[in-house]
Each structure stands twice: as structure tokens, then as C-alpha cells.
Amino acid sequence: MVTNEDIVSITENVFSTMVGSGVEVASESVSLAEADPFTGCVHISGEWTGAVLVQTSGDLARHAASSLLAMDEEALQLADCQDAIAELANMIGGNIKSLVPGPSALSLPTVTSGKEFDIRIFGTQIENEIAMQCNGQQLRVVVCRADG
């Protein structure tokens, strides 16, 4: 089983290495609905089946894209932010995949953005959900495991 400490450690490592910013656990989980959120999702299939979601505020997505692509935030397009969140979800999901029973495979990432959506992965239940902050912006990592 993947622990909350594993998820925080993986996320801290990915964000400090790729984005150049630290991550800390948030004191409470708040809704991202009003923060122009982005959600990156990768699925793990095999001996262990589930998904990893990386959810951020729009501001954090822009900051991450700016760092990853070495571009000014003003020059970024929506696709740049989506690419950055896809890459972060892929890296965090890949590290989590290494902790679950294998063999398993990681899907290509999917990214959803905007205020008017809700994401549900049918046939799964939330195993871990960690609210964090990076540069004062909201970040959440959710690990869902397939039922049964």
C-alpha cells in the first residue's frame, strides 16, 4: 500500500526537481473549484490497478509550466499548462507505480482544466488523498484503487 508519506515525498521530489519549488502538506483540504483547476490523471494497470490524479490551481499550473518550459508566464498558452500538468502527473504516477505490486503499466496522461467539471474514475475508491501547497497555491494528489 502506498502511504501518505510516500506520496508527499514523491511529490516534494518531483516539484523541487522539475519546478524548482518546495511542497508542504496543507493544514486542510480546500476546494479547487474556484481556482481555475487543472487535473492530470494517469492509470496504472496490472497486478495493482488504479489511478493517480494530480490536481492544481491554475496559478500553480502556470508557474509549473513556466519553470518546466523556461518561458515567461505571460507567454504561456493553455496547451503549455496542460503539457506541464501531464508531465507532473506522469512523473508522480510513475513513482507511485514503482511502489505498488507489479508487474504493471502506466497509461498516457490525461489533463482536464476549467471550473465546470468533476472527475470520477468508475470502479475505484480513493485510497489516499493529500492536500498540499506549493508557492502558496493548492495542490492535491489522489490515489484511487480499483474495487475488488
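Values below: all heavy atoms of this structure, side chains included; hydrogens, waters and symmetry mates excluded.
Looking at every heavy atom in both residues, His43 comes nearest to Ala51 through ND1-CB, 3.8 Å. Closest approach of Leu68 and Met18 over heavy atoms only: CD2-O, 3.5 Å. Closest approach of Ala84 to Ala65, counting heavy atoms only: CB-CA, 3.5 Å. Of all non-hydrogen atoms in Ile44 and Gly93, the two that sit nearest each other are CD1-O, 4.1 Å.
Note that CD of Gln133 and OG of Ser21 are 12.5 Å apart. Values are rounded to the nearest 0.5 Å. For the atom pair CG of Leu139 and CD1 of Ile92, the computed distance is 6.5 Å after rounding to the nearest 0.5 Å. Between Arg145 atom CZ and Thr124 atom OG1 the span is 11.5 Å, to the nearest 0.5 Å. Remark: Glu129 CD to Ile7 CD1 distance equals 10.0 Å, nearest 0.5 Å. Note: Leu53 CG to Thr39 OG1 = 6.5 Å, rounded to the nearest 0.5 Å. Going from atom CE of Met132 over to atom CD of Glu24 covers 11.0 Å, rounded to the nearest 0.5 Å.
A donor-acceptor pair is defined here as one N or O able to donate and one able to accept, closer than 3.5 Å; no such pair exists between the side chain of Ser104 and the backbone of Gly46. A donor-acceptor pair under 3.5 Å is absent between the side-chain atoms of Ser9 and the main chain of Glu5, judged by distance alone. Not a single donor-acceptor pair under 3.5 Å links the side chain of Ser67 to the backbone N or O of Ala64.
Gln137 is not listed as a side-chain neighbour of His63, based on a closest heavy-atom distance of 4.5 Å or more. By the 4.5 Å heavy-atom criterion applied to side chains, Gln125 and Asp147 are counted as neighbours. Within the 4.5 Å cutoff, the side chain of Gln55 has no heavy atoms near those of the Pro37 side chain. Proximity of Cys134 to Thr56: side-chain heavy atoms (C-beta onward) are nowhere separated by under 4.5 Å. Contact check for Ile96 versus Asp6: no side-chain heavy atoms found under the 4.5 Å cut-off. Using a 4.5 Å cut-off on side-chain heavy atoms (C-beta onward), Val100 and Val2 make contact.
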>> Test side-chain contact (heavy atoms from CB on, under 4.5 Å) on Leu60 and Gln138; report intermediate values, then the result.
In response: CA-CA 7 Å; Leu60 183 52; Gln138 300 167 28; over 6 Å; no
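Evaluated for a side chain to side chain contact (heavy atoms under 4.5 Å, CB included) with Val23, the options Asn135, Thr11, Ile130, Val141 yield exactly one hit, Thr11. Each of Thr112, Leu88, Val54, Ile85 was compared with Phe38 under the side chain to side chain contact (heavy atoms under 4.5 Å, CB included) criterion, and only Ile85 meets it.
Within the structure, the salt bridge (charged side-chain N to carboxylate O under 4.0 Å, His left out) test picks out the following pairs touching residues 52-75 (sequence neighbours left out): Asp59-Arg62.
When hydrophobic clusters are built by joining Ile, Leu, Val, Met, Phe, Trp and Tyr residues whose side-chain heavy atoms come closer than 4.5 Å, directly or via intermediates, Val25 is grouped together with Ile10. Met1 and Val143 fall into different hydrophobic clusters, where Ile, Leu, Val, Met, Phe, Trp and Tyr are joined by side-chain heavy atoms under 4.5 Å apart, directly or via other members.
With sequence neighbours excluded, the residues satisfying side-chain hydrogen bond (donor to acceptor under 3.5 Å, both in side chains) with Asn13 are Thr17.
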